[in-house]
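Naming: A, B, ... by sequence-line order, numbering from 1 per chain.
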Amino acid sequence: MASSLEPIVVLSLVVGAIAAVIFAGVLVALIVFTIRYRDVRTGSAPQIHGHRALEIAWTGAPLALLAIIFVLSLVTLGQIGQGATFGSLEPPLHVDVIGHQWWFEFRYPGGAVTANELHVPVGVPIELDLSSADVIHDLWVPELGAKSDVVPGQRNVMRLFTARAGTFSGECAEFCGLEHAWMRVLVVAEPRADFDRWIAAQSAPASGTAGRGLEIVRSAVCSSCHVVRGQVAGTPIGPDLTHIASRTTIAGGVLANTADALRAWIGDPQRYKPGALMPKVPLSSDDLDAVVAYLESLK
Amino acid sequence: MTATALARRPGAFATAGVLRTVDHKDIGIMYVLLGIAFLAIGGLEALLLRVQLATPGEHVLDPSTYDQIFTMHGITMIFLVAIPMLVGFANYVVPLQIGAEDVAFPRLNALSFWLTLSGGVLLYLSFVAGGAPDAGWFAYAPLTEPAHAVGNGMDWYIFGLAVSGAGTIIGAINLAVTILLMRCPGMVMGRAPMFTWMVLITSVLIIAAYPILTSALVMLLVDRQLGGRFFDPAGGGNATLWQHLFWSFGHPEVYIVVLPAFGMISEIIPVFSGKPLFGYRFVAASGIAIGFLSFGVWAHHMFAVGLGDAENAFFSATSMLIAVPTGVKVFNWLATMWRGRIRLAMPMVFAIGFIATFVIGGLTGVSLAVVPIDLYTTDSYYVVGHLHYVLFGGTMMAVFAGLYYWFPKVTGRLLGHRLGLAHFWLTLVGLTLAFLPMHLLGIEGMPRRVWTYPPGMGWDWPNLVSTIGSFLIAAGAIALAANVWRSLRAGERAGDDPWDAFTLEWSTASPPPSYNFDAIPQVRGKRPLWDRKHPDRMDPL
């Protein structure tokens, strides 16, 4: 199987073809009857009140068709639902997913923690354990198929799979407040060796350049919401910054992860993501540069 | 008063008459006017949303304003447009169709109108009282709990919906009692017009479904104002309980705003095909079947919530079943047209358009009942496209058909055909451009309810096309307004029965006198006027 999307595509094509035939039939009948029986062409209409056999036929035929679709849907559900292996013999990789207003946190078994960027090995079923820190969210990566709500007070499990390396765009699909639009994720599927290297690097504590930047992050309001494992023992409310420099985007996909963008974002988060829970922190221009330089060193 | 106050005296709105009237026809007109006023508001809200989404990264609206407007657009269209319009038609038409003088409880009827209006006013007061509701029309907890919704918008939502809902419940009891007890001699239920049938079923659905919404609203109020924890998992409550309660009301609600539309189409197609409704018993019975099934399908809105595969399969099966009676109706409408003598007057044009567009909404509905497909498409723009095909391509197209059909009865004047065609084609092309690309957007991965979106996702052109379509729909509405304006001033006189129709409302004057009929009608079949006009070819008993 190429990905967890594949069975859904197959089923959709079957259902779509059936629906298209029915729609075409209704449309043709509608147009033909409208033209053929237009009053300018016909005399008086025969007073037909009904036809029992026809009624039974067009009650029974759709019922049979729906029964077939229902059975097919159960087969597909078995291919993508709880415990699905997608034809892979590998044991599944477990990742804890925590939805926050408005970003996703991913926690790996070895201690690696990322935000808005999920790395997975190709050819391995991914089992996502979903929970929420606040309201209901929903994790959806369209190219990997199904979505699952992320519900506070409830643990949902969803399995995804891809045999193809690539970067897939995803998002929160359940309306969750002001910045629902900017709760985007990237899924990076890579060969096993690359993934192993990545997870080893992410599991390691931070090795950011010590200096003024680190001092500010430690002492200023930054640490009241952010953690840098090994260097800043903050409160884990916002995204873990241990390896922030390795990520592609920041702030739930609003900005690309460049030094300029980081500087702009920290300088005024509300300008780029109005409503985001990160406040504007009063830092001098020099301090801002130092903080950005430090974050850039968190490879 | 010897005549319908509003229709006979255009100045009635300037007098206290409108405040005092208990005539079902006046109240029906007031309901429809209320619906039209909110249609204009809800339509402008839709245009604002579409302007914001026309291109990626637009800043016409900030996220807070966008959320308030998309929420109010949904609430307005469902509770303040669809319901008042359909209840208005039912109020005006049903007593006439069943040969009654008025509804069973005329004063309650006035009360239900004023409650609906008050609910609407309460909802819109929120804008000037610190912010409108902003959690979507189905307002999922815990986003609506005090910890996450800090303003008062959700409180206005609770009071607005509870008050207008009370009006809707009272109105439904009134209509149900009227239909059950006030039919003229000879009109057993098996001879009642199909619109009357569908209004009866709708009324029963309202009486059963709306109290669930009211209860959920009270629970939310307890959470918000009295420190309750019903929907707050942090305090021992349950985050998905609200969804179960809301959709237990919300899915019957879909049929509440669709069944009367089916009824209108079931009146119009036979009249303009010159034939009786094909399979009357099956069309009525399929309405009853839809009514029953509508209470067993709510969790198809919740397939991604994590109920489990078995629960999802059950609700998938019940939801698919609803397609069967719905299909029966469509096939019977087509069979009614078959070998008919089809007159393409405006009501029929809209009825034909209705079938084409509604079938699309029905078929995409089946796809959403298929769990694996739903797990991909739910909460995406595919659902937004689907629901607009059902509610606009379905309900609104039928309401337009009904408007052209009954306008001459209400005002004594016909609506113009040329402006009518302009209205029809602008609406049909507009809704296709506005709502068809939304399916594609959903398939391409665009989630619903986002205030903006990034470029480069393949979402740009379908969004732009959708925005263009929404403005065509608005242009169609202007054509309708011009048509109404011209007809009221100088429209062709309709006479009692301009369509050569079958049901009793066409046997009295246009507009009807306040007592409706000079003498209480007596009927022997399903088409009393056909029998009168064709004594040689009366319907078999």
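Partner of A:F175 under the ring-ring contact (aromatic ring centres under 6.0 Å, His included) criterion, out of B:F70, B:Y140, B:W137, B:Y66: B:F70 alone.
When each of A:L30, A:T76, A:V40 is scored by its heavy-atom pairs under 4.5 Å with chain B, the top score falls to A:L30. The most heavy-atom pairs under 4.5 Å with chain A, out of B:M446, B:M302, B:R527, come from B:R527. Note on A:H51, A:Q82, A:H49: by heavy-atom pairs under 4.5 Å with chain B, the leading option is A:H49. Interface check for chain B: of the options A:Q79, A:K147, A:E179, A:M183, the most heavy-atom pairs under 4.5 Å are formed by A:K147. Contact count against chain A (heavy-atom pairs under 4.5 Å) is highest for B:H148 among B:H148, B:R343, B:K526. Put simply, of A:V26, A:V141, A:L63, A:V135, the one with the most heavy-atom pairs under 4.5 Å next to chain B is A:V135.
Among all heavy-atom pairs drawn from A:C172 and B:P447, the shortest one is O-CB, 3.9 Å. The shortest non-hydrogen separation linking B:W451 to A:L178 is CD1-O, 3.7 Å. Listed here is the closest heavy atom pair of B:A356 and A:L27: CB-CD1, 3.9 Å. When all heavy atoms of B:V370 and A:S73 are compared, the pair lying nearest together is CG1-CB, 3.5 Å. In terms of heavy atoms, A:L66 sits closest to B:A323 at CD1-CB, 4.0 Å. Looking at every heavy atom in both residues, B:R537 comes nearest to A:A45 through NH2-O, 3.7 Å.
Ring centroid separation for the pair B:Y376 and A:W140 comes in under the 6.0 Å cut-off.
With A:E143 contributing its side chain and B:G445 its backbone, the two residues share no donor-acceptor pair below 3.5 Å. In this structure, the side chain of A:D138 does not engage the main chain of B:D379 through any donor-acceptor pair within 3.5 Å.
Here B:S316 contributes atom OG and A:L74 contributes atom CG; the two are 7.0 Å apart, rounded to the nearest 0.5 Å.
A:I136 is listed as a side-chain neighbour of B:P142, based on a closest heavy-atom distance under 4.5 Å. A 4.5 Å side-chain heavy-atom check between B:M457 and A:R184 finds at least one atom pair inside the cut-off.
Using modelled atom types and a 3.5 Å distance limit, the side chains of A:Q47 and B:W530 yield no donor-acceptor pair.
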Verdict with supporting geometry, A:E55 and B:N332, side chain to side chain donor-acceptor pair (under 3.5 Å): CA-CA 8 Å; A:E55 298 286 353; B:N332 277 302; 3.0 Å; yes
field: Step-by-step side-chain contact (heavy atoms from CB on, under 4.5 Å) determination, B:V330 to A:W58
entry: CA-CA 10 Å; B:V330 173; A:W58 61 51; over 6 Å; no
task: Begin with the C-alpha distance, continue with both residues' side-chain angles, and end with the deciding distance and a verdict on side-chain contact (heavy atoms from CB on, under 4.5 Å) for A:Y37 and B:R341.
output: CA-CA 5 Å; A:Y37 302 116; B:R341 185 172 181 275; over 6 Å; no
- request: Might you work through the side-chain contact (heavy atoms from CB on, under 4.5 Å) test for B:F331 and A:L54, ending with a clear yes or no?
  value: CA-CA 10 Å; B:F331 296 133; A:L54 270 177; over 6 Å; no
